Trainee: 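Below you will find the structure I want to go over with you.
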Amino acid sequence: MSDASDPAHSPPEGFETRAIHAGRDFVGETGAITPPVWLTSTFEYGNPGGFDYTRSGNPNFRLLERALASLESAAHATVFASGVSAITAIVSTLKSGDVVVAEENIYGCTYRLFAQVFAKFGVSIVYLDFTDPASLEKIAEHRPALVWIESPTNPNLKVIDIAAVSRAAHEAGAEVIVDNTFASSFLQRPLELGADLSLLSTTKYTNGHSDALGGAVCSNDPAWREKMIFAQKALGLQPSPMDCWLTLRGLKTEAIRMERHCANALRFAEFLERETEAAEVRYPFLPSHPQHEIATRQMNGGSGIVTADFGLDLEQTLRFVESLRYFPKAESLGGIESLCCHPASMTHASVPREQREKVGISDSLVRFSVGIESVDDLIRDVRDALARLARS
Ligand SMILES: Cc1ncc(COP(=O)(O)O)c(C=O)c1O
């Protein structure tokens, strides 16, 4: 008979339990329930934790890495100063002549890094529309080292079939990296779907409070772990202990925050679709979303981002965005507070207009990061702003 008190026979712990308890082994002799911030640049040689210098590791990094690995169903996670640092770490493993095949709608700074930095080192990138099943057959033609996707994408909220892309990429001998930032670890775990690497800008939903920057790369492959640890120290991409402490505190409430983000965003999207004259409203869990079936299959909820095209001109769109009360116009997303962004002039301004328009980032596109406020107030805010605009 199995012994229920034997961990080997216990059912796996839930996401919420792991978010709060993973990596609590810092306690040592103190009994502290929350960890300290180890504000030290260096460590005495021969310490039992194996730490030497904070650029190559710190107890606050380690606690966060253990928790993130657990939440992403990964064997390892490595933390970085930002999501962009995590992207840099992965691409730094490539060599001149390597090709990356990427989804054509990726975050503007990822696009800029490839175009303006990595291209100089001979790494090239080919863009495909991964919502088109024919794109899967084109992967092998380019003999890529990596296939790079986001799902949902920033800002068009395209949902990419991670399992199908992973199968096609593996057949072509390539590894797959999924930028999981828009979904969050609570709603989607790319490694369970067959991807090799999951990348997070922990700045967003992981931390959830808009008070720390960070990034992480999660994998099951010890070789990737070694490469990421090397990049963290050799390229100086490490985070600060304080940001790791804040992010670990933030992720303890990731499950409950995400449930509220999803509920609010769905109601907000339904309101936009039903009651406004928006030409298009996108939200992965709206039945009208073009990849709704894939979204409900690979995500546990639609997350908190909604986009809408109100069919306004540039000047009216900016006036609308700037007149909202509960949605400050700001870069970033995924915090408890709602934010509003005009991708063409903000997050994706670094993407040339021609490429922007090709992938559907028009001047009239508005991106809402729906927070955890009372959703009735958020809806009223948008209704009033649209009414004021119509009267002016
Ligand atoms: C999808 C996605 N990936 C990566 C990043 C970069 O993250 P960070 O701002 O933490 O560098 C962002 C930032 O907005 C993002 O939206």
Side-chain angles (χ1 to χ4, degrees), residues 15-16 19 71 83 105 107 150-160 178-190 198-212 214 247 250-273 278 280-289 291-292 294-296 298-308 321 324-343 346-347 365-382:
F15 185 99
E16 293 85 342
L71 300 188
N105 173 214
Y107 173 52
E150 286 175 17
S151 190
T153 65
N154 182 0
N156 298 80
L157 303 181
K158 288 164 73 175
V159 174
I160 314 296
V178 177
D179 186 330
N180 203 30
T181 300
F182 265 44
S184 81
S185 319
F186 180 63
L187 299 178
Q188 174 174 279
R189 285 169 296 279
S198 176
L199 181 149
L200 290 162
S201 162
T202 58
T203 314
K204 312 298 192 286
Y205 288 113
T206 311
N207 176 44
H209 293 78
S210 308
D211 52 12
T247 305
L251 71 68
K252 289 180 194 295
T253 55
E254 183 174 324
I256 198 163
R257 281 187 284 105
M258 292 317 297
E259 282 167 0
R260 182 62 172 263
H261 280 296
C262 290
N264 275 4
L266 181 60
R267 267 202 57 204
F268 185 78
E270 285 168 346
F271 149 74
L272 291 178
E273 194 167 58
E280 189 178 13
V281 177
R282 277 224 178 178
Y283 181 66
F285 268 43
L286 274 183
S288 59
H289 188 286
Q291 294 92 39
H292 178 247
I294 304 171
T296 51
Q298 71 184 17
M299 299 171 74
N300 300 326
S303 200
I305 311 297
V306 179
T307 60
V321 167
L324 294 166
R325 175 167 179 202
Y326 297 121
F327 292 87
K329 179 181 164 192
E331 303 271 349
S332 205
L333 58 112
I336 50 170
E337 61 286 299
S338 294
L339 297 176
C340 191
C341 163
H342 179 248
M346 296 167 67
T347 50
L365 185 74
V366 177
R367 186 186 83 187
F368 298 94
S369 175
V370 180
I372 65 168
E373 302 93 335
S374 302
V375 68
D376 290 334
D377 292 327
L378 304 178
I379 289 174
R380 193 170 338 106
D381 193 15
V382 169

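Please read these numbers as outputs of a predicted model, since none were measured by experiment. Values below: every heavy atom of this structure, side chains too, minus hydrogens, waters and symmetry copies.
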Trainee: Is it true that T181 and E150 share a donor-acceptor pair across their side chains at a distance under 3.5 Å?
Mentor: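 Result is no, nothing qualifies.
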Trainee: Between SG of C341 and CD1 of I305, what distance do you get to the nearest 0.5 Å?
Mentor: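 Output value for this atom pair is 9.5 Å.
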Trainee: Would you please classify the geometry between the F268 ring and the F368 ring as parallel, tilted or perpendicular, with 30° and 60° separating the classes?
Mentor: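 Plane angle over 60°, so perpendicular.
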Trainee: Just checking, any donor-acceptor pair under 3.5 angstrom between side chains of E273 and S288?
Mentor: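 Side chains of E273 and S288: pair found under 3.5 Å.
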Trainee: Rounded at 0.5 Å granularity, tell me how far CD in E331 sits from NE2 in H342.
Mentor: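 Reported to 0.5 Å precision, the distance equals 12.0 Å.
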Trainee: Can you find a heavy atom in the side chain of T253 that is under 4.5 Å from one in the side chain of H209?
Mentor: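 Contact flag for T253/H209 side chains = yes.
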Trainee: Under a 4.5 Å cut-off applied to non-hydrogen side-chain atoms, are S303 and Y205 in contact?
Mentor: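 Side chain of S303 against side chain of Y205, heavy atoms only: contact under 4.5 Å found.
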Trainee: Kindly compute the distance separating CE (M299) from CG (N180), expressed to the nearest 0.5 Å.
Mentor: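 Interatomic distance, M299 CE to N180 CG, rounded to 0.5 Å: 8.0 Å.
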Trainee: When you compare the side chains of D376 and S374, does any donor N or O come within less than 3.5 Å of an acceptor on the partner?
Mentor: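 Note: D376 and S374 side chains miss the donor-acceptor criterion.
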Trainee: For the side-chain contact (heavy atoms from CB on, under 4.5 Å) test, which of L333, V159, T153 pairs with F182?
Mentor: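 Only one of L333, V159, T153 forms a side-chain contact (heavy atoms from CB on, under 4.5 Å) with F182, namely L333.
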Trainee: Do Y283 and L266 have side chains that approach each other closer than 4.5 Å (heavy atoms only, starting at C-beta)?
Mentor: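 Touching, per the 4.5 Å side-chain cut-off.
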Trainee: Could you tell me whether the side chain of F186 reaches within less than 4.5 Å of the side chain of E259, counting heavy atoms only?
Mentor: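 E259 reaches F186 side chain to side chain.
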Trainee: How close do P152 and P284 get, counting heavy atoms only, and between which atoms?
Mentor: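 Result for this residue pair: CG-CG, 4.1 Å.
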Trainee: Which atom names give the shortest non-hydrogen contact between E254 and F15, and what distance separates them?
Mentor: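 Taking E254 first and F15 second, the nearest heavy atoms are OE2-CZ, 3.8 Å.
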Trainee: Could you check whether any side-chain heavy atom of I294 comes within less than 4.5 Å of a side-chain heavy atom of K158, counting everything from C-beta outward?
Mentor: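 No, their side chains stay 4.5 Å or more apart.
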Trainee: For a 4.5 angstrom cut-off between non-hydrogen side-chain atoms, does R260 reach I256?
Mentor: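 The answer is no, as the side chains (C-beta and beyond) never meet within the 4.5 Å cut-off.
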Trainee: Is the shortest heavy-atom distance from the side chain of R367 to the side chain of M346 under 4.5 Å?
Mentor: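 A side-chain contact under 4.5 Å is absent here.
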Trainee: State, yes or no, whether a side-chain contact exists between I372 and H261 at a heavy-atom distance under 4.5 Å.
Mentor: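 They are in contact (side-chain heavy atoms under 4.5 Å apart), so the answer is yes.
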